[in-house]
Amino acid sequence: MPKLTNLASWKALEAHFLQIKDVHMRDMFEQDKNRFSKFSAQMNDILLDFSKNRINDETFKLLTELAKETGVLEWRDRMFAGEPINISEFRPVLHTALRNRSNEPVYVDGENVMPKINRVLAQLRYFTERIRGGHMRGYSGHLFKDVVNIGIGGSDLGPHVVCDSMKPYAQRGMNVHFVSNVDPTHLTEILKFVQPESTLFVVSSKTFSTQETMLNAQSARDWFVKLTVNEKAVARHFVAVTSNKKAAAEFGILDENMFEFWDWVGGRYSLWSAIGLPIALYLGMDHFEELLEGAHDMDMHFKSAPIEKNLPIILALMGVWYNNFFDAQSHAVMAYNQYLRRLPAYLQQLDMESNGKTINRDGKRVDYLTGPIIWGETGSNCQHAFFQLLHQGTKPVPADFLIPARSKNPLGDQHCVLLSNYFAQTRALMKGKTEDEARAELEASGYSEEIIKDVLPHKIFEGNKPTNSIIFENLNPRTLGALLAMYEHKVFVQGIIWNINSFDQWGVEYGKQLASDIQSELSCRQNTASYDDSTNNLINYCMSLQFSD
Ligand code: F6P
């Protein structure tokens, strides 16, 4: 691909930026009464209003041209077709096949993979229905009432955000817990609340070699055997989700209790695979399949909607506009829904592990910004934490605001209050408050001119802070599936525009290598001089604290 910054659309955007960078959205809304109809799009009941962005017709035209000029649509079709677009691991990228409800063939190396995907789905349904129906019980006959998922990264964050978000759809009496951190506190604190005889451990690891997961799984196994004094019972209380069946068997997992997935499913894109086992155990297979159907709806939208009305492409283009032309370093996600409190953590891995790259597909270092820092918090909590910076800080923070129109927990007028805050915040961020408006408020409050002179500058809001508003009827499995797929495809589109491979993660390997070296030094409890002055002194000081008699 020609250098991104040499593309005609990129150069046109650079010139256009100089013209529009100081135009206020307040004025754009005044001058164009049709902004919403022009700058909004819908997929099923999911409405994306992107009119509160620092764009006009020309901006949006140039951004859509950038998508075309970088081959977004062609790359999209290559991904769905199973081409090996993960170029550093020579793999296809086919999380979309996992939710391919059309069952149209998808070929990997000449093999239609749909039969084996459907086989695993059938295995998930059979297993989870037997567990949830009480037909498959613990070694001593107890019903399973706790599921402990042991996994990290994509083997944790996806099922975790879904289970957290879908509590209203969970079967009563079935609890799900997620252990990921190698910090022994994580597993210890969860094991305090479960009984071995009624607990099912799901060891989720694509490689079945991730240090944290293997250590937690072994510790859980040791805990189980110690309390039950029944080694044989392990086989009934531990199952595995992995692409490494050999390693799972060595751990003691029975073949019928292994749920496989494949190397053409990236970890951070894997919740639609057997990694979703905790979801199916917690919500039931019907709800898990509704999740898949919602993601498939979004896949079909992504494949067919014109760029101008294509939700993932629009979100990607808005993000590129601020990341690469306004120099925004981060992107925030405010979910005005308490069930979505783990959404930022999930999106952090999805986005930052995919697009936190500096080497492009041609093996050259990029000379433009790539993946943003992703962060966020639920609304309305976010308003009482960092909205001061968003409203009056010096750093631009483009943000997505999501909310369901209906609440699962009607309680007085609280959902109405939440909605009013949701609408008020994006309006305030866009509109700001002028000096005249702030002065008028202070005068109306009876302040003296002397006070007003001192206070007035602090009461002005510049506004012109861009937001995307995403509103939908209900937070249910189908809608959640569509929303998560929407963000997957947004990340994909940005990776194509930045000409980077969004599907490998070599950057996470180096820290692991160093950790294993340092671990061996710590184990020998002798002062070290093997590293840089800082690391040596930190290690030695820590050991002095740990082993001071
Ligand atoms: O963070 C690195 C990573 O490889 C992620 O991509 C992955 O989701 C996570 O570790 C866990 O890997 P596994 O599922 O193989 O244990």
Side-chain angles (χ1 to χ4, degrees), residues 85-95 98 120 124 147-163 178-183 186-187 201-221 238-251 253 257-279 342-357 371 373-374 484 487-488 491-492 495 500-516:
I85 64 169
N86 175 355
I87 51 169
S88 73
E89 295 178 301
F90 316 104
R91 291 173 182 167
V93 171
L94 277 173
H95 44 284
L98 300 170
V120 171
L124 286 170
V147 173
V148 178
N149 186 77
I150 300 176
I152 197 165
S155 299
D156 164 71
L157 291 165
H160 201 163
V161 70
V162 172
C163 288
F178 290 86
V179 175
S180 49
N181 200 336
V182 73
D183 177 345
H186 205 178
L187 178 62
F201 291 93
V202 181
V203 184
S204 296
S205 175
K206 181 175 176 180
T207 55
F208 223 81
S209 65
T210 302
Q211 184 184 38
E212 296 94 335
T213 302
M214 295 301 104
L215 282 171
N216 273 320
Q218 189 56 51
S219 300
R221 190 182 193 283
F238 284 76
V239 300
V241 180
T242 185
S243 60
N244 185 344
K245 296 182 85 167
K246 180 172 175 295
E250 286 160 6
F251 181 86
I253 308 284
N257 289 341
M258 288 186 206
F259 300 84
E260 72 167 331
F261 66 114
W262 306 276
D263 68 7
W264 32 264
V265 176
R268 52 193 174 276
Y269 297 89
S270 63
L271 77 88
W272 323 98
S273 73
I275 287 288
L277 174 57
I279 301 170
R342 291 201 54 84
L343 182 62
Y346 167 78
L347 294 176
Q348 282 177 336
Q349 188 202 15
L350 175 66
D351 202 308
M352 295 164 79
E353 195 167 89
S354 294
N355 290 341
K357 315 274 170 75
I373 296 162
I374 301 294
L484 298 181
Y487 277 109
E488 286 179 338
V491 167
F492 168 82
I500 54 180
N501 177 13
S502 302
F503 302 102
D504 59 10
Q505 53 285 323
W506 301 112
V508 300
E509 299 308 322
Y510 184 40
K512 294 178 185 176
Q513 291 162 11
L514 289 186
S516 57

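Order of listing sets the numbers, starting from 1, for every ligand and every atom in it.
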Taking both backbone and side-chain atoms of [X], is any N or O found less than 3.5 Å from an N or O belonging to ligand 1?
X    : answer
S204 : no
T207 : yes
G154 : yes
S205 : yes
E353 : yes

Looking only at protein heavy atoms, which one is nearest to [atom], and how far off is it?
atom                    : answer
atom 14 (O) of ligand 1 : S155 OG, 2.6 Å
atom 12 (O) of ligand 1 : T210 OG1, 3.4 Å
atom 2 (C) of ligand 1  : V508 CG2, 3.4 Å
atom 10 (O) of ligand 1 : K512 NZ, 4.5 Å
atom 11 (C) of ligand 1 : I152 O, 3.3 Å

(request) Measure the acute angle between the ring planes of F251 and F238, then classify it against the limits of 30° and 60° as parallel, tilted or perpendicular. (result) tilted
(message) Using the rule given for side chain to side chain contact (heavy atoms under 4.5 Å, CB included), can you reason through V182 versus Q211, listing the C-alpha separation, both sets of side-chain angles and the distance that settles it, and then say yes or no?
(response) CA-CA 8 Å; V182 73; Q211 184 184 38; 5.5 Å; no
(request) Determine whether I373 and M352 make a side-chain contact, defined as any pair of heavy atoms from C-beta on separated by less than 4.5 Å. (result) yes
(message) A side-chain contact here means heavy atoms from C-beta on lying under 4.5 Å apart; do F201 and I150 qualify?
(response) yes
(request) Grab the two heavy atoms, one from S502 and one from R268, that are nearest each other, plus how far apart they are. (result) O-NH2, 2.8 Å
(message) Looking only at side-chain N and O atoms, does S243 offer a donor or acceptor that is under 3.5 Å from a partner on D263?
(response) no
(request) Supply the atom-to-atom distance D504 CG to E509 CD, rounded to the nearest 0.5 angstrom. (result) 10.0 Å
